[in-house]
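Nothing here was measured: the structure is a model prediction, and the numbers come from that model. First the proteins, then the strands, lettered A, B, ... as listed; each starts at 1.
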Amino acid sequence: MAKNIANDANYIEAARHSLSHVLAQAVCELFDGVQLGIGPAIEDGLYYDFDLHHRITEDDFAAIEAKMNEILKSDTVFEKRVVENPLDFFANTPYKLELVKELVAAGEEITVYESNGFVDLCAGPHVENMRELRNWGFKISSIAGAYWRGNSDNPMLQRVYVHAFPSRKELKEYYAFLEEAKKRDHRTLGNQLDLFFFDETAPGMPYWMPKGMKIYNKLLEFSRKVHEAHGYQEVVGPQLNHSSLWVTSGHWEHYDDNMFKVQIDENNTYALKPMNCPNAMILFKKKNRSYRDLPLRFSELSHLHRNEASGAMHGLMRVQTFRQDDAHIFCTQEQIASEMNGIMDIMDFIYGIFGLKYTAVLSTRPESFLGDIETWNEAEAVLKNVLDTRFGAGEYIVDEGGGAFYGPKIDIKVYDALKREWQLCTIQLDYQLAGNFELEYTDSDGKRKAPVVIHRAVFGSLDRFIGVITEHFAARFPFWLAPVQVGIVPVHKDHERYAHDIREELVQQGFKSTLDTSDGTMGNKIKSYRNELVPYIIIIGDKEVADGTISLRVRTGTQINGIPLSSFIDACKIMEQAYKIDLIENFDAD
RNA sequence: GCUGGUAUAGCUCAGUCGGUAGAGCGCUCCGUUGGUAACGGAGAGGCUCCCGAGUUCGAAUCUCGGUACCAGCACCA
C-alpha cells in the first residue's frame with residue numbers, strides 16, 4: 001500500500017496522523033498522569049496536545065523521539081474498533097470524554113484505533129501498519145501552550161509539534177526551505193538593509209530609517225494618486241480624542257482593552273485613536289449633506305495606535321502603531337454595490353502591480369455586536385453578492401463570527417515567507433456608526449435619511465504591507481519602489497567628475513541615486529551596492545568618460561557596457577510609471 | 001495575556017567548571033590608484049555582558065523578579 005500512493009495527500013495526512021498516535025504513546029510511556037487532548041496532522045507534520053504534570057521542555061525531545069523510533073520498530077497494525085459503551089470507556093479521560101459526549105449527542109458512532117497496545121479515540125484513517133512509517137523523516141520541532149479547544153477560558157495544554165515528511169530527504173528539504181524563508185524574513189532584511197528597527201521603550205512601534213522611509217513615502221504617494229483618481233478626498237483628524245467620542249462610537253465599551261489612554265485630569269481621559277471612523281463621522285456632520293454629495297469618499301492616512309496583547313507583536317506584521325490607507329465612504333443603500341465594486345477595482349489594480357496572491361474572506365456577525373440581526377443579515381447578503389460576482393460562489397472563505405462589532409467585512413489575506421497568513425485589505429459595511437452619530441443627509445424627496453458607511457483600507461496597514469512585500473520580493477524591490485535606484489561607482493578618482501555629472505542628471509530626472517566616492521576599491525563598492533540590492537549599478541571608467549556613455553550592472557546579473565545615459569534614463573522613466581515592468585535589461589544605444 | 005525559548009560590540013555570533021570579555025563583518029586611520037562579490041597593515045568600539053534584587057571572597061555564567069524579542073496558543077476592533 002505504502003509505495004504507490006505515498007505521495008497522495010490523503011495518505012500523507014493519514015500517515016502524519018498515525019505518527020501523532022505514536023507521539024502520544026511515547027509521551028504516555030515516558031511520563032506519568034498524561035491526559036490526551038487532540039493530535040491532528042498539519043501542513044508540515046503533526047502535533048498532539050497533552051495535559052501532564054511534567055513540563056515538557058526541549059531537553060525531553062531526544063527521549064521522546066527515541067521512544068517514538070522504538071515504537072515504530074514494532075510491526076503492529078492500526079486496528080479500528082467500535083466502542084460499545086463510550087461514556088464508560090472514556091470516563092477517566094476528561095478531554096476525550098468531552099468530545100465523546102458531543103459525538104454521542106450528535107448520534108455518531110464512537111471508534112478507537114489500537115496500535116501496539118495504545119488506544120486512542122479516533123475516526124481515522126490511519127496507515128495499515130506501523131512499518132509504513134519507518135522511512136519517514138520526522139523531528140520534534142517545538143513545544144507550545146495551546147488552549148483546549150482553542151478557547152482561552154479552558155486550561156492550557158502542552159502542544160508538541162513534529163515536522164514529518166514521507167522521507168528523510170523531504171524533511172531535509174523542508175529545513176532548507178525554512179532556512180531560505182528565514183533569509184527572506186522582513187525583520188532580518190529590514191535590519192540588514194537599514195529600513196526600520198524597534199526599541200525596547202516602544203514595543204511594536206517601528207522606527208523608520210531613511211531608506212525605509214523612501215519606500216513608505218513612495219507607497220503613500222502611490223496611494224494618494226490612485227485614490228484621487230477614484231474620487232477620494234483626503235482628510236485628517238486628530239490623534240487624540242476625549243473619551244466621550246469613544247463612548248458614542250462604542251469603542252469605549254467594545255474596544256476598551258486595546259486603546260492607549262491618556263488621563264488629563266480627574267475628570268478627563270483622552271484616547272489615542274485606534275481607528276479613524278469616529279472622526280470621519282465628525283467630518284461628515286460638519287456640514288448639511290445632500291444626496292447630491294453622495295457617495296462622499298473621505299480618505300485618511302494618519303497614524304493609529306492599538307494597545308495589543310504582549311505576545312501578539314510580530315515585526316512589522318503586527319505592531320502597535322501604524323498608518324492605514326483608510327477611507328470612509330458615505331453612500332445610499334442603492335450605491336453600496338457600485339461602491340464595493342469600485343473598491344475591489346482599486347484592490348485588483350494595486351495587488352496586481354505587486355503580484356501578490358491573495359484570498360478573500362467574508363467575516364460575519366460576531367458574538368459581541370451592535371444593532372439588530374436583520375440589518376446584519378441584509379449587510380452580509382450585500383457583501384456575499386459582491387464576492388459571488390467577483391470571485392464566484394465558493395471561491396472565497398467564510399469566517400463565521402469573524403466580523404467587526406459594527407458590521408460584516410470582506411478581508412483580503414496574503415502570506416509571508418513562512419506561509420503565515422496576514423490580513424491586509426479590509427472592506428467593512430457599517431450600519432451602526434451613522435446611527436450612533438445621528439448622521440443624516442437630505443434626499444431628493446426632501447426627507448432626512450441616514451447614509452450607509454463603508455470603512456475600507458486597501459494596503460491595510462502600510463507598515464504590514466511593507467513587511468509583506470519585503471518578504472515577497474526578498475527585498476529586491478521593483479525599480480519604482482527601491483530606496484536607492486541607481487548606485488554609481490567610479491573606477492578611479494579621475495572619473496568622479498563625470499560620475500558627478502551622471503548623478504546630477506539622474507537627480508534632475510527625479511531618480512534616487514548615490515555616488516560612492518569613498519576610498520575603497522571599486523570591487524568593494526560594487527559589492528556593497530549588490531548587498532544593498534540596488535537595481536542598477538553604473539560604472540564609470542576611462543572608456544565611459546571617453547565615449548560619454550555608462551556601463552550598467554543590473555541586479556539580475558546582466559552587464560551592459562557603453563550605452564548612452566539617455567537610453568538608461570528613458571528606461572527608468574518607463575519603469576517608474578509602468579509599475580508592473582520588471583528591471584529592464586536591454587537598452588538600445590540607437 | 002498564556003506555554004516554551006532567547007538576550008554578550010553597529011550586525012551575526014563564541015564565551016567550558018563562577019575568577020572583572022572574544023571572532024568575523026562593519027567603522028576609523030595608513031598604505032594600495034584600481035574594470036565588476038570581500039587588497040594589505042594598524043586602531044577604536046564592551047567603562048552597566050537587557051534591567052533590578054539575591055547567593056558568593058568573587059557572577060556574562062547560579063537563583064528570583066521584571067522588560068524586550070523568537071516559536072506557538074488566544075486576541076486581531
Please determine whether a side-chain nitrogen of the Lys or Arg among [X] and [Y] lies less than 4.0 Å from a carboxylate oxygen of the Asp or Glu.
| X | Y | result |
| --- | --- | --- |
| A:Arg456 | A:Glu339 | no |
| A:Lys419 | A:Glu43 | no |
| A:Glu421 | A:Lys413 | yes |

Scan side-chain atoms only and decide if [X] and [Y] contain a donor-acceptor pair under the 3.5 Å cut-off.
| X | Y | result |
| --- | --- | --- |
| A:Asn307 | A:Asn258 | no |
| A:His54 | A:Asp60 | yes |
| A:Tyr147 | A:Arg149 | no |

Taking atom [atom1] in both [N] and [M], what distance in whole Å separates the two?
| N | M | atom1 | result |
| --- | --- | --- | --- |
| B:C17 | B:C62 | P | 10 Å |
| B:A68 | B:A14 | P | 24 Å |
| B:G18 | B:G52 | P | 23 Å |
| B:U56 | B:U63 | C1' | 12 Å |
| B:A21 | B:C49 | P | 10 Å |

RNA chain B nearest-nucleotide lookup for A:Lys409 and A:Arg187: closer to the 5′ end is A:Arg187
Walking RNA chain B from its 5' end, the first of A:Gln324 and A:Asp185 to be reached, judged by nearest nucleotide, is A:Asp185
Could you state the atom-to-atom distance from [atom1] of [X] to [atom2] of [N] in whole Å?
| X | N | atom1 | atom2 | result |
| --- | --- | --- | --- | --- |
| A:Leu178 | B:C70 | CG | C1' | 14 Å |
| A:Lys139 | B:A71 | NZ | P | 18 Å |
| A:Asn307 | B:C76 | CG | P | 14 Å |
| A:Arg318 | B:G72 | CZ | C1' | 14 Å |
| A:Glu421 | B:G72 | CD | P | 13 Å |
| A:Ile143 | B:G5 | CD1 | P | 10 Å |
| A:Leu424 | B:C76 | CG | P | 18 Å |
| A:Met313 | B:A74 | CE | C1' | 14 Å |

Should the pair A:Trp208 and A:Phe196 be assigned to parallel (<30°), tilted (30 to 60°) or perpendicular (>60°) ring geometry? tilted
Check for a donor-acceptor pair, side chain of A:Gln485 on one end and backbone N or O of A:Phe479 on the other, with a separation under 3.5 Å. yes
Specify the residues of [range], ordered by number, for which at least one heavy atom lies under 4.0 angstrom from an atom of RNA chain B.
| range | value |
| --- | --- |
| residues 191-205 of chain A | A:Asn191, A:Glu200, A:Pro203, A:Gly204 |
| residues 235-260 of chain A | A:Tyr255 |
| residues 41-59 of chain A | A:Arg55, A:Thr57, A:Glu58 |

Please state whether the phosphate of B:G72, meaning OP1 or OP2, lies under 4.0 angstrom from any side-chain nitrogen or oxygen of A:His314. no
Taking 4.0 Å as the cut-off, does a side-chain nitrogen or oxygen of A:Arg420 come that near to OP1 or OP2 on B:G72? yes
Reckon [X] touches a base, only the sugar-phosphate, or nothing at all at heavy-atom distances under 4.0 Å?
| X | result |
| --- | --- |
| A:Tyr536 | nothing |
| A:Arg149 | nothing |
| A:Ala144 | base |
| A:Lys413 | nothing |

Is it the case that B:G1 (base atoms only) and A:Tyr147 (side chain only) share a donor and an acceptor within less than 3.5 Å, ignoring hydrogens and angles? yes
Decide yes or no on side chain to side chain contact (heavy atoms under 4.5 Å, CB included) for A:Ser363 and A:Asp411, but give the supporting numbers first. CA-CA 8 Å; A:Ser363 299; A:Asp411 291 327; 3.8 Å; yes
Check: A:Phe177 ring centroid to A:Tyr175 ring centroid under 6.0 Å: no
Within 45 degrees of the axis of the six-membered ring of A:Tyr47 and under 6.0 Å from its centre: does A:Arg16 put its NZ or CZ there? no
Within 45 degrees of the ring normal and closer than 6.0 Å to the centroid, is that where the cationic atom of A:Arg476 sits relative to A:Phe473? no
Would you be so kind as to tabulate the donor-acceptor pairs closer than 3.5 Å made by side chains of residues 399-407 of chain A, with sequence neighbours excluded?
unit_1, atom_1, unit_2, atom_2, d
A:Glu400, OE1, A:Thr364, OG1, 3.0
A:Tyr406, OH, A:Gln428, OE1, 2.4

What stems involve RNA chain B, if each pair must be Watson-Crick or G-U and both of its distances must be under 3.5 Å, with 3 or more such pairs in a row? B:1-7 with B:67-73, B:10-13 with B:22-25, B:27-31 with B:39-43, B:50-54 with B:62-66
Sugar-phosphate or base contact per nucleotide [nucleotides 30-42 of chain B; S, B, -; heavy atom under 4.0 Å]: ---BBBBBBB---
